[in-house]
Amino acid sequence: MSQHILTAVAWPYANGPRHIGHVSGFGVPSDIFSRYQRMAGNKVLMVSGTDEHGTPIQVQADREGVTARELADRYNRVIAEDLTSLGLSYDLFTRTTTANHYSISQEIFKGLFANGYVFPRTTMGAVSPTTGRTLPDRYIEGTCPICGYDGARGDQCDNCGNQLDPIDLINPRSRVNGETPKFIETEHFMLDLPAFTEALGSWLQGKQGDWRPNVLKFSLNLLGDMQPRAISRDLDWGVPIPLDGWRDRNDKRLYVWFDAVIGYLSASIEWARRSGEPDAWRQWWQNPDARGYYFMGKDNIVFHSEIWPAMLLGYNGEGARGGTPGSLGKLALPSEVVSSEFLTMEGRKFSSSRQVVIYVRDFLARYDADALRYYIAVAGPENQDTDFTWSEFVNRNNGELVAAWGNLVNRSISMAAKNFGEVPEAGELTDADRALLARSRAAFAAVGAELERSRFKNAVTEAFEVVREANRYLAEQEPWKLKDDPARVKSILHVALQIVDDAKTLLTPFLPGSSNKVYAMLGGKGVWSGMPEIRDVDEDGGKPYPVITGEYDGAATWQSIPVRPGTPLAPPTPLFPKLDSKVVDEELARLADGR
RNA sequence: GGGGCGGUAGCUCAGCCGGUCAGAGCAGCGGACUCAUAAUCCGUAGGUCGUGGGUUCAAGUCCCACCCGCCCUACCA
């Protein structure tokens with residue numbers, strides 16, 4: 001039975017290139033999941049984009065003497081290239097600065113407003129006296145009123161650890177330009193989160209036993225103290241507020257987090273329009289059988305398990321104040337929130353500013369995308385923070401990808417090509433033959449079950465067991481010693497090639513690039529598992545921008561496909577390059593240099 | 001300060017509701033083999049499961065306290 005699966009992937013903030021910690025949290029896991037779901041016959045819509053509004057981008061743009069839009073343009077393209085080169089199979093990776101996104105964000109705001117879940121409130125806030133823009137707490141520093149430390153941030157003192165209110169700082173100053181912030185009364189719109197406490201509570205209770213327990217526990221706990229949350233800022237970079245008297249104001253915009261989470265919906269709608277069926281998105285958002293899986297790092301849980309669901313409930317008219325659905329109709333809440341822990345780097349936190357960082361593009365300039373994907377799948381931060389080390393990377397690559405899987409492909413195809421030049425016919429099968437074939441077929445259900453639960457580590461380990469079994473099988477059968485029994489050699493190699501073919505299918509979600517190679521080596525025609533590409537598109541004659549998209553309806557399906565005897569085989573070339581152990585030292589030196 | 005998560009063999013990590021859970025993969029040691037990118041296969045692991053208490057017939061597995069690390073704490077996104 002084919003199901004509609006929405007894979008909603010966290011939106012990277014467009015203030016720099018992505019590092020491998022970012023893609024280990026939201027990128028690779030969401031792609032493994034989506035590729036599997038497509039192979040299993042489901043209709044996947046995988047969407048994301050760059051998140052481009054907000055103060056940090058404005059500040060960085062000012063610093064560089066460019067406009068916020070120019071900075072966002074630059075990093076939107078850089079990030080799209082990072083994600084494409086990793087083979088992440090987005091149906092649409094767009095951005096938050098499109099006219100479509102503006103209009104959908106405004107529609108959600110209006111729906112919430114009409115149902116009474118958004119209200120204005122005058123608050124005290126810091127702004128820059130020269131620009132009039134909101135100055136977020138952490139852009140303010142001064143002397144801590146508690147311990148007297150001079151470098152305290154507006155939200156917290158790094159010295160004594162106390163939480164602060166910026167208005168209490170002694171000699172407050174802006175970290176952007178050193179000026180003294182002005183504390184003014186300013187009117188903002190608030191999202192009435194307390195009105196959703198009950199609705200969110202019963203929704204979350206229904207996820208018991210389904211979600212990862214840490215996400216659920218964390219989310220339920222937050223319900224105890226829901227407060228209204230501001231959804232607008234004093235800023236000119238963002239989505240205008242769609243109400244009379246506000247629409248044309250140049251100093252008020254929707255707060256970036258509010259428009260960013262709406263991206264999942266607006267990107268789905270943009271995808272549908274580009275696909276020529278403008279209403280197609282409704283299959284993923286309004287069909288009761290559809291499921292929505294959201295992928296993110298642990299720092300983003302609250303937005304996906306609390307705030308975005310609250311926004312959807314409010315738009316649907318399902319909070320404490322009731323109401324009616326907005327013009328788009330009722331929208332579905334997340335089915336599952338899949339969050340990752342953090343990847344650290346040689347024992348330290350990733351930090352671009354402190355040069356503790358490995359950028360995706362630098363990594364992929366020197367190593368295979370599948371090597372990184374494999375590392376993240378097998379040793380990534382799925383259940384707890386995990387540490388990336390170069391020596392572990394080299395070990396995994398050489399010991400598992402090259403020595404176990406690459407070698408199995410190589411030895412099997414090599415023997416068959418050398419002796420027969422084609423996939424040989426199997427004769428009568430022995431118990432050992434049948435046992436291995438059965439083991440491999442059974443793996444589809446086992447690995448699939450793990451993937452459906454987003455247990456990627458278990459899944460890839462299970463798939464690799466088949467590879468190890470096959471190497472064991474060849475060692476036991478010793479076809480190279482059976483020169484006087486060609487019929488038996490044919491059977492053994494037939495079985496071995498069948499397992500190679502099965503394993504390439506099982507590994508496709510994790511290692512799509514190399515599985516495509518194995519598919520071709522075994523005589524497969526056309527595309528096995530599609531890869532993403534960047535296309536420049538425009539919107540109503542507007543400025544072109546890059547999106548990631550692709551055709552992913554390849555031949556790949558989640559089942560054992562019999563190899564065809566007689567298929568010509570050429571001597572194989574190695575699937576993965578073996579890495580010299582010197583790269584560990586080279587990379588560590590690079591880190592020390594800050595290169 | 002409050003909340004959440006984690007601290008398991010040299011390394012990176014699995015261990016859901018308590019009772020073959022003390023594990024896997026690397027690395028190490030010994031052996032076999034040669035089809036294959038010196039790859040593969042077999043054998044070999046005595047780690048007080050962060051510390052100290054408690055519950056239980058039985059606790060990495062539940063409870064409490066403490067130590068360490070990470071995340072959130074709603075004006076970073």
Side-chain angles (χ1 to χ4, degrees), chain A residues 10-13 15 51 53-57 123-126 134-140 153-156 161-163 165-166 188 191 193 209 212-215 217-222 224-230 233-234 255-257 260-261 297-303 306-307 339 341-342 344 347 349 375 378-389 391-393 395-396 398-400 402-404 406-416 418-419 455 457-458 461 464-465 468 470-476 478-481 489 492-493 496 572-578:
Chain A
W11 288 52
Y13 197 58
N15 64 345
D51 172 10
H53 295 129
T55 304
I57 283 178
T123 61
M124 201 63 155
T134 295
L135 203 51
D137 287 358
R138 59 179 56 188
Y139 283 98
I140 301 172
R153 288 177 304 161
D155 54 349
Q156 190 175 39
N162 282 294
Q163 276 197 60
D165 195 320
H188 282 299
L191 177 64
L193 285 172
R212 292 183 185 170
N214 58 337
V215 176
K217 201 166 179 183
F218 177 83
S219 306
L220 284 166
N221 194 275
L222 289 172
D225 184 31
M226 300 287 267
Q227 298 294 327
R229 184 167 173 139
R233 295 287 81 181
D234 295 298
Y255 200 162
V256 55
W257 66 259
V261 290
K298 63 177 165 182
D299 55 336
N300 254 319
I301 292 174
V302 66
F303 286 100
E306 224 86 26
I307 295 176
S339 100
E341 304 294 309
F342 280 6
T344 55
K349 271 179 74 172
Y375 186 97
V378 77
E382 186 173 306
N383 301 312
Q384 64 176 283
D385 291 356
T386 61
D387 196 33
F388 177 90
T389 65
S391 67
E392 182 72 6
F393 170 69
N395 281 343
R396 295 276 187 186
N398 290 352
E400 295 170 25
V402 175
N407 180 49
L408 175 67
V409 173
N410 212 33
R411 68 195 303 207
S412 306
I413 297 181
S414 184
M415 265 189 283
K418 207 174 290 176
N419 289 303
R455 304 291 298 241
K457 253 178 220 216
N458 284 354
T461 303
F464 248 76
E465 271 307 307
R468 293 181 198 286
N471 273 322
R472 207 168 287 142
Y473 169 84
L474 286 174
E476 283 163 6
E478 302 182 307
W480 49 89
K481 284 187 176 170
V489 174
I492 295 169
L493 292 182
T573 51
L575 199 52
F576 305 101
K578 183 167 175 159

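Since we're looking at a predicted model, the values are computed, not measured. Naming convention: chains lettered A, B, ... in sequence-line order (proteins, then strands); numbering from 1 in each chain.
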If I take atom CZ in residue A:Arg396 and atom P in nucleotide B:rC26, what distance separates them, rounded to the nearest angstrom? 9 Å
For the side chain of A:Asn419 and the backbone of A:Met415, is there at least one donor-acceptor N/O pair under 3.5 Å apart? yes
Provide the distance between the two P atoms, one in B:rG43 and one in B:rG25, to the nearest whole Å. 11 Å
When you measure from the side chain of A:Ser414, which nucleotide among B:rC35, B:rU37, B:rC13 comes out closest? B:rC35
Taking pairs as Watson-Crick (N1-N3 plus N6-O4 or O6-N4) or G-U wobble (N1-O2 and O6-N3), each distance under 3.5 Å, the stems of three or more consecutive pairs with RNA chain B are B:1-7 with B:67-73, B:10-13 with B:23-26, B:28-32 with B:40-44, B:50-54 with B:62-66
A:Leu575 side chain, from C-beta outward: closest of B:rU37, B:rC71, B:rA77: B:rU37
Of A:Asn221 and A:Leu135, the one whose closest RNA chain B nucleotide lies more 5': A:Asn221
When all nucleic acid strands are considered with a 4.0 Å heavy-atom cut-off, which category describes A:Thr55: base, sugar-phosphate, or nothing? sugar-phosphate
Tightest non-hydrogen contact, residues A:Gly399 and A:Ala403, listed as O-CB, 3.4 Å
Validation row: A:Ser339, A:Asn300 side chains within 4.5 angstrom (heavy atoms): no
From CH2 of A:Trp257 over to C1' of B:rC76, roughly how many Å is that when rounded to an integer? 14 Å
Starting the side chain at C-beta, find the nucleotide from B:rA77, B:rC13, B:rC35 nearest to A:Thr386. B:rC13
Evaluate the criterion side-chain contact (heavy atoms from CB on, under 4.5 Å) for residue pair A:Arg411 and A:Trp480; output intermediate values, then yes/no. CA-CA 11 Å; A:Arg411 68 195 303 207; A:Trp480 49 89; 3.9 Å; yes
Residue pair A:Ser219, A:Ile301: steps toward the side-chain contact (heavy atoms from CB on, under 4.5 Å) verdict: CA-CA 8 Å; A:Ser219 306; A:Ile301 292 174; 4.1 Å; yes
Compare every heavy atom of A:Ile492 with every heavy atom of A:Tyr473, then report the nearest pair and how far apart it is. OH-CA, 3.6 Å
Taking syn as a glycosidic torsion within 90° of 0 and anything else as anti, which one is B:rG60? syn
Looking at every non-hydrogen atom in both residues, tell me the closest pair between A:Lys578 and A:Val402 and how far apart they are. CA-CG2, 4.0 Å
Can you tell me how far P in B:rG46 sits from the matching atom in B:rA38, rounded to whole Å? 32 Å
Is A:Asn395 touching bases, backbone alone, or none of the nucleic acid, heavy atoms closer than 4.0 Å? sugar-phosphate
Taking atom C1' in both B:rU8 and B:rG69, what distance in whole Å separates the two? 16 Å
Scan A:Phe464 against the nucleic acid and name what it touches under 4.0 Å (heavy atoms): base, sugar-phosphate only, or nothing. nothing
Taking only side-chain nitrogens and oxygens of A:Lys418, does any of them come within less than 4.0 Å of OP1 or OP2 of B:rA36? yes
When all nucleic acid strands are considered with a 4.0 Å heavy-atom cut-off, which category describes A:Thr123: base, sugar-phosphate, or nothing? base
Whole angstrom is fine here: how far is it from CG in A:Asn458 over to C1' in B:rG15? 10 Å
Can you give me the closest heavy-atom contact between A:Trp257 and A:Ile307, atom names plus distance? CZ3-CG2, 3.2 Å
What is the minimum heavy-atom distance between A:Asn471 and A:Ala404, and which atoms define it? ND2-O, 3.2 Å
A:Ile301 near the nucleic acid: base, sugar-phosphate alone, or nothing, with a heavy-atom cut-off under 4.0 Å? nothing
Whole-Å distance between B:rG2 C1' and A:Gln227 CD? 14 Å
How close or far is atom P of B:rC76 from atom CD1 of A:Ile307, stated in whole angstroms? 12 Å
Report which part of the nucleic acid A:Phe303 touches: base, sugar-phosphate, or nothing (heavy-atom distance under 4.0 Å, all strands). base
Check whether any side-chain N or O of A:Tyr255 sits under 3.5 Å from a backbone N or O of A:Gly54 as a donor-acceptor pair, and report yes or no. no
Describe the nucleic acid contact of A:Glu306 in one word from base, sugar-phosphate, nothing, applying a heavy-atom distance below 4.0 Å. nothing
Provide, to the nearest angstrom, the distance between the CD atom belonging to A:Glu341 and the C1' atom belonging to B:rC72. 12 Å
A:Gly54 or A:Glu465: which one's nearest nucleotide on RNA chain B is closer to the 5' end? A:Glu465
Between B:rC71, B:rA36, B:rC75, which one does the side chain of A:Phe342 approach most closely? B:rC71
Per A:Lys298 side chain, nearest of listed nucleotides B:rC33, B:rU12, B:rC71: B:rC71
Heavy-atom closest contact (A:Glu382 atom, A:Lys457 atom, distance): OE1-N, 3.0 Å
Can you check the distance between B:rU56 and B:rG1, where both ends of the measurement are the P atom (answer in whole Å)? 33 Å
Can you tell me, in whole Å, how much space there is between the P of B:rC5 and that of B:rG23? 28 Å
Check whether any side-chain N or O of A:Thr386 sits under 3.5 Å from a backbone N or O of A:Ala379 as a donor-acceptor pair, and report yes or no. yes
Whole-angstrom distance between B:rC26 and B:rA39, as gauged at atom P: 12 Å
Among the candidates B:rC33, B:rU37, B:rC35, find the nucleotide nearest to the side-chain atoms of A:Lys481. B:rC33
Nearest-angstrom distance from the residue atom NZ of A:Lys457 to C1' of B:rG23: 15 Å
Separation of B:rC35 atom C1' from A:Leu493 atom CG, nearest Å, is 9 Å
How far does the P atom of B:rA24 sit from the matching atom of B:rC67, given to the nearest Å? 35 Å
Taking the P atom of each, how far is B:rG6 from B:rG50, in whole Å? 12 Å
Any base atoms under 4.0 Å from A:Pro479, or only sugar-phosphate, or nothing? Heavy atoms, all strands. nothing
For nucleotides 38-43 of chain B, tabulate all protein N/O to nucleotide N/O atom pairs closer than 3.5 Å, reporting atom names and distance.
unit_1	atom_1	unit_2	atom_2	d
B:rA39	OP1	A:Lys578	NZ	2.1
B:rA39	O5'	A:Lys578	NZ	3.4
B:rA39	O2'	A:Ala403	O	2.9
B:rA39	O2'	A:Asn407	ND2	3.0
B:rU40	O2'	A:Arg411	NH1	3.2
B:rC42	OP1	A:Arg472	NE	2.8

